[in-house]
Amino acid sequence: MLKLKGVSECFYPETIEEAVKLLKEGKDSARIIGGGLHIAAFPNPLIRRLIFLNNLHLNYVKENEGRVAIGATTTISELINSGAINYYNGYSIKKVLQSIATELLRNQITIGGSVAQNEPYSDIVTLLAAIRARVLISSGDRESEIPLKEFYAGNFRETLKHSIIKEIVLEKKGEDFRFGMERFVKNATEIPLLNMGILVQLSGDTVKDATIVTGARPGEAEFFTEGEEYLKGRQLSEKNIEIFADFVEENINVDTDIRLSKEYRAHIAGVFAKRILTSFLREV
Amino acid sequence: MKAHFTINGEKKEFEFSEGEVLLDLLRRNGYTEVKGNCYLGTCGACTVLIGGIPRASCVTLAAQVVGQEILTVKGIGSIKHPHPIQKAFAEKGAVQCGFCTPGAVLTAYALLKNNPSPTVEDIKIALDGNLCRCTGYIQQIEAIKYAIELIKGGK
């Protein structure tokens, strides 16, 4: 079974400059290949040119003074094995990463590829957006590092027609930050039906700042700005968490698809918010 | 396109289409021990080791792994000289219909190379992508535990 019938050219650039040049030349029929899972699982007959990043040595995890740089072609397994972000402000990110897909696919899914595809069911995007990751874009001669939130707010698919993702950058937060994530799946290896990541900055037991991201809504991951604003300045107490869970259920932007109804998704979102915030309460 | 691969220790040159997945290239060239099924990377029947790492060959483009070392289940042992994992799978009843076995054995092989004393939880995580439609998971876990004993005992 020939999956990619239209492909007639494969390139293995040695530099980012070369990769970007090949990408620009190929226009809409060219694809940058990181792990290669997406294009093999969902073949696009219009693709003629594949540009493999194998020789760019972008599979690395570098830690420096609380800053973690993850090379674009680093796989989920490589990230887990690096141990660099297994615990993020007390939360086991390793557990989230290990619950994504299966070992075989975690050995292939790359962090940069997940960010570039921004698939609606991506746990990686929700996770990275919630912990305020930044993305380093390179067009060969120029590099720019921007927050993931800004990257997705712009026309990132257009950006990726003339540049590539080089790195994802995380900054470990201070002790006043708490992070938690929840995901709902029907079975261990399935894509999520809903996921949510919450990062809060506390001042004593009061929320100073918050980032809330929901994915698999079933649309692409989205920042829940109303919820972030609602939490700011509020005390993290059992009563307030209950009220916030109801607020989430009423205001979260979710929808119905073949797998789950809007109402059920909204209810789960409220439960997730309650679970995550309650876990912070135990640490306050 | 034409390119070299090292398969089970032997350097080989194959001609293949730029858009072909590794599974098809392998089976077309006689490596039928690599099984094809879902073509979505979800069942693990097509597992091979690429540079020692388990990968679903049905969603791995052959062009992406040009020049790399590929190991199929025949590369770790034979019927006359089975690897302890293969021996353990046979002795512990971990082979039922046998379709998932090559993939499960290779995943176990990669696990034990990196972690010679895995916990049951480690084994479960490693095998989570290798589905067994006969549901022989308990036997597979028992077989891997037995294989650890065989390897440690030098058998």
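Only this structure's heavy atoms are used, side chains among them; waters, hydrogens and symmetry mates stay out. Order of the sequence lines fixes the chain letters, A, B, ..., with proteins taken first and strands second; residue numbering starts at 1 for each chain.
Within a 6.0 Å sphere centred on CG of B/L40, other residues, nucleotides and ligands contribute more than 12 heavy atoms. No more than 12 heavy atoms of other residues, nucleotides or ligands sit less than 6.0 Å from atom CZ of B/R133. More than 12 heavy atoms of other residues, nucleotides or ligands shown are found within 6.0 angstrom of CD on A/E9. In this structure, A/F184 places its CZ atom where more than 12 heavy-atom neighbours from other residues, nucleotides or ligands lie under 6.0 Å away. Taking a 6.0 Å sphere around OH of A/Y60, one finds it holds more than 12 heavy atoms contributed by other residues, nucleotides or ligands. Applying the 6.0 Å contact sphere to NZ of A/K172 captures more than 12 heavy atoms from other residues, nucleotides or ligands.
A donor-acceptor pair under 3.5 Å links the side-chain atoms of B/D128 to the main chain of A/E103, judged by distance alone. With hydrogens and angles ignored, the 3.5 Å screen pairs no side-chain donor or acceptor of A/N54 with any backbone N or O of B/V65.
Rounding to the nearest 0.5 Å gives a distance of 11.0 Å between CD of A/Q108 and CD1 of B/I53. Taking CD1 of A/I33 as the start and CD of B/Q64 as the end, the distance is 7.0 Å to the nearest 0.5 Å.
Most heavy-atom pairs under 4.5 Å with chain B, from the set A/I39, A/I47, A/T102, A/L105: that is A/T102. Ranked by heavy-atom pairs under 4.5 Å with chain B, the first of A/G36, A/S8, A/G6 is A/S8.
Within the 4.5 angstrom heavy-atom criterion, atoms from both the backbone and the side chain of B/I125 approach chain A. Within the 4.5 angstrom heavy-atom criterion, only side-chain atoms of A/Y12, from C-beta onward, approach chain B. In this structure, no portion of B/C38 lies under 4.5 Å from any heavy atom of chain A.
Among the candidates A/V7, A/L50, A/L4, the single residue satisfying the side chain to side chain contact (heavy atoms under 4.5 Å, CB included) test with B/E18 is A/V7.
Residues B/T47 and A/L104 form a side-chain contact, since some pair of their non-hydrogen atoms from C-beta on lies under 4.5 Å apart. In this structure the side chain of A/F52 reaches within 4.5 angstrom of the side chain of B/L61, judged on heavy atoms.
When all heavy atoms of A/G35 and B/R55 are compared, the pair lying nearest together is O-NH2, 3.8 Å.
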